Amino acid sequence: MKLPIEYYRKSNVVSLAKSFLGKYLFTYLDGKFTGGIITETEAYNGIIDKASHAFGGRRTNRTEIMYADGGTAYVYLCYGIHSLFNIVTNRKDIPHAILIRALFPIEGLETMMIRTNKKNLNRMNLFIGPGLVSKALGIHYSDTGKKLNGNEIWIEDRNFKIPNAKIITGPRVGVEYAGKDAALPYRFRVMHRDLEKII
DNA sequence: CATAGGATCGCCT
DNA sequence: GGCGATCCTATGT
């Protein structure tokens, strides 16, 4: 079933980020239906988290959408090239976010391979990296602000449970500037080869 | 207005 | 494992 907005309003962004592993992320964009299983996430814990764009309560044109109600897409451009897809969580005015870093492809494989210029289907390493995930799903930074209970970008729970023993927890990628917050264990992932055995 | 740099990727060696 | 691509955002004058 499609996750209701209530699901995204939970207050613990770290456990919520972990709970997205094994959920199905779908898009219907550009007339194409694509999606897969979320296999890597990172939590960004609002105004007290130095790695978060909303650290210290900063509000800019870019970060304003992080203060929206849970269940909103926060997509921004990184390195001038990559659209990075984040899920805004918690309630309005609490700028929690979860970055989706990897996807195990399920639906619309051909479309996703065309979008990412992949020639071979190799689920071990396909769509690992947040820029690639957005590219495969057709998500662009102009999609920021879209609600996740609509018909363009949404997440489904299909009762697929990842065993705790298969979840790798560690520090987030590329946030060295965040001082001691850089070491926080806010990154969660499942190896694609483990997923293939479970599926 | 000008400028530095970024929650990255793919290609090259 | 090193580097270039590429452009928006934030910040400073």
Side-chain angles (χ1 to χ4, degrees), chain A residues 8 13-21 25 34 36 38-68 70 72-90 94-105 111-146 148 153 155 167-190 192:
Chain A
Y8 301 97
V13 69
V14 178
S15 60
L16 199 51
K18 188 173 175 182
S19 83
F20 278 119
L21 295 179
L25 171 60
T34 51
I38 295 169
T39 54
E40 184 171 344
T41 62
E42 280 177 2
Y44 287 83
N45 192 21
I47 65 173
I48 60 166
D49 181 356
K50 274 198 174 133
S52 169
H53 292 158
F55 174 65
R58 107 214 241 125
R59 299 180 94 115
T60 64
N61 284 337
R62 178 178 66 157
T63 64
E64 190 59 33
I65 204 68
M66 297 181 78
Y67 294 82
T72 304
Y74 169 43
V75 191
Y76 75 95
L77 186 71
C78 188
Y79 295 104
I81 299 176
H82 306 288
S83 288
L84 270 54
F85 173 65
N86 297 250
I87 301 161
V88 174
T89 69
N90 212 312
I94 303 177
H96 288 178
I98 296 169
L99 173 67
I100 304 300
R101 293 191 57 89
L103 197 73
F104 185 87
T111 299
M112 292 197 285
M113 288 173 68
I114 291 169
R115 281 174 177 159
T116 56
N117 305 315
K118 299 282 186 191
K119 302 198 168 39
N120 304 305
L121 179 61
N122 176 1
R123 283 172 151 160
M124 303 299 185
N125 56 24
L126 216 52
F127 315 142
I128 293 177
L132 273 179
V133 171
S134 295
K135 207 171 172 189
L137 294 173
I139 297 173
H140 185 257
Y141 63 86
S142 59
D143 292 315
T144 199
K146 285 186 173 165
L148 303 184
I153 308 173
I155 297 174
I167 297 176
I168 303 164
T169 302
R172 293 168 292 184
V173 174
V175 296
E176 294 78 12
Y177 57 87
K180 67 173 172 46
D181 288 345
L184 292 170
Y186 284 1
R187 179 190 188 196
F188 304 99
R189 61 192 175 117
V190 190
H192 283 199

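Chain identifiers are assigned alphabetically (A, B, ...) following the order of the sequence lines, protein sequences preceding nucleic acid strands; residue numbering begins at 1 within each chain. Not measured: the values here are computed from a predicted model.
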Novice: Could you pull out the closest heavy-atom pair between A/F104 and A/R123, with the gap in Å?
Specialist: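 Closest heavy-atom pair between A/F104 and A/R123: CZ-CD, 3.4 Å.
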Novice: Short of 4.0 Å, heavy atom to strand atom, which residues of residues 78-86 of chain A count as contacting DNA chain C?
Specialist: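 Contacts with DNA chain C under 4.0 Å: A/Y79, A/G80, A/I81.
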Novice: With sequence neighbours excluded, what pairs up with A/Y76 under the ring-ring contact (aromatic ring centres under 6.0 Å, His included) test?
Specialist: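 So A/Y76 forms a ring-ring contact (aromatic ring centres under 6.0 Å, His included) with A/H53, A/Y74.
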Novice: Closest nucleotide of DNA chain B for A/K118 versus for A/G174: which of these residues is on the 5' side?
Specialist: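 The 5'-side residue here is A/G174.
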Novice: Represent DNA chain C in dot-bracket notation, 5' to 3'. Only Watson-Crick or G-U wobble pairs with both distances under 3.5 Å count; pseudoknot-style crossings use [ ] and interstrand partners use |.
Specialist: |||||.||||||.
Novice: How close do A/P171 and A/R187 get, heavy atom to heavy atom, and via which atoms?
Specialist: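 Heavy atoms only, the tightest pair is O-CD, 3.4 Å.
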Novice: At what distance, to the nearest 0.5 angstrom, does CZ of A/R58 lie from CE of A/M66?
Specialist: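 Atom-to-atom, A/R58:CZ and A/M66:CE are 10.5 Å apart.
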Novice: Mind checking which nucleotides bracket the chain A contacts on DNA chain B, 5' to 3', with an atom under 4.0 Å from a heavy atom?
Specialist: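 For DNA chain B, the relevant span reads B/dG6 to B/dG10.
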Novice: Under the side chain to side chain donor-acceptor pair (under 3.5 Å) test, which residues partner A/S19, sequence neighbours left out?
Specialist: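 Partners of A/S19 by the side chain to side chain donor-acceptor pair (under 3.5 Å) criterion, ordered by chain and then number, come out as A/Y7.
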Novice: Could you work out, with side chain to side chain contact (heavy atoms under 4.5 Å, CB included) as the rule, every residue matching A/I168, not counting sequence neighbours?
Specialist: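 Result, side chain to side chain contact (heavy atoms under 4.5 Å, CB included) vs A/I168: A/R189, A/M191.
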Novice: Taking heavy atoms of chain A and a 4.0 Å limit, find me the 5'-most and 3'-most nucleotide of DNA chain C within that range.
Specialist: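 Contacts span C/dA5 to C/dT11, reading 5' to 3'.
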Novice: Report the distance from atom CZ of A/F188 to atom OG1 of A/T169, rounding to the nearest 0.5 Å.
Specialist: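 Reported to 0.5 Å precision, the distance equals 5.0 Å.
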Novice: Give me the atom names and distance for the closest heavy-atom approach of A/F127 to A/L132.
Specialist: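 Between these two residues, the closest heavy atoms are CA-CB, 4.2 Å.
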Novice: Report which part of the nucleic acid A/Y141 touches: base, sugar-phosphate, or nothing (heavy-atom distance under 4.0 Å, all strands).
Specialist: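 Sugar-phosphate only.
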Novice: Taking atom CG of A/L25 and atom OG1 of A/T41, what is their separation to the nearest 0.5 Å?
Specialist: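 These two atoms lie 12.0 Å from each other.
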Novice: Begin with the C-alpha distance, continue with both residues' side-chain angles, and end with the deciding distance and a verdict on side-chain contact (heavy atoms from CB on, under 4.5 Å) for A/I87 and A/Y8.
Specialist: CA-CA 8 Å; A/I87 301 161; A/Y8 301 97; 3.6 Å; yes
Novice: Which residues satisfy the salt bridge (Lys or Arg N to Asp or Glu O under 4.0 Å) test with A/E42, sequence neighbours excluded?
Specialist: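 A/E42 satisfies salt bridge (Lys or Arg N to Asp or Glu O under 4.0 Å) with A/R101 only.
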Novice: Give the residues of residues 51-63 of chain A touching DNA chain B, defined as any heavy atom closer than 4.0 Å, sorted by residue number.
Specialist: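 When residues 51-63 of chain A is checked for heavy atoms under 4.0 Å from DNA chain B, the hits, listed by number, are A/A51, A/H53.
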Novice: Please identify each residue that fulfils salt bridge (Lys or Arg N to Asp or Glu O under 4.0 Å) with A/K146, with sequence neighbours left out.
Specialist: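 Salt bridge (Lys or Arg N to Asp or Glu O under 4.0 Å) list for A/K146, sorted by chain: A/D143, A/E152.
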Novice: Tell me, please, which residues at least two apart from A/E64 pass side chain to side chain donor-acceptor pair (under 3.5 Å).
Specialist: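 Checked A/E64 against side chain to side chain donor-acceptor pair (under 3.5 Å); matches are A/R59.
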Novice: Listed by chain and number, what are the side chain to side chain donor-acceptor pair (under 3.5 Å) partners of A/H82, not counting sequence neighbours?
Specialist: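 So A/H82 forms no side chain to side chain donor-acceptor pair (under 3.5 Å) with any residue.
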Novice: Here's one to test your reading of the geometry: is the NZ or CZ of A/R172 within 45 degrees of the ring axis of A/Y44 and under 6.0 Å from its centre?
Specialist: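 Checked: cation-pi criterion met.
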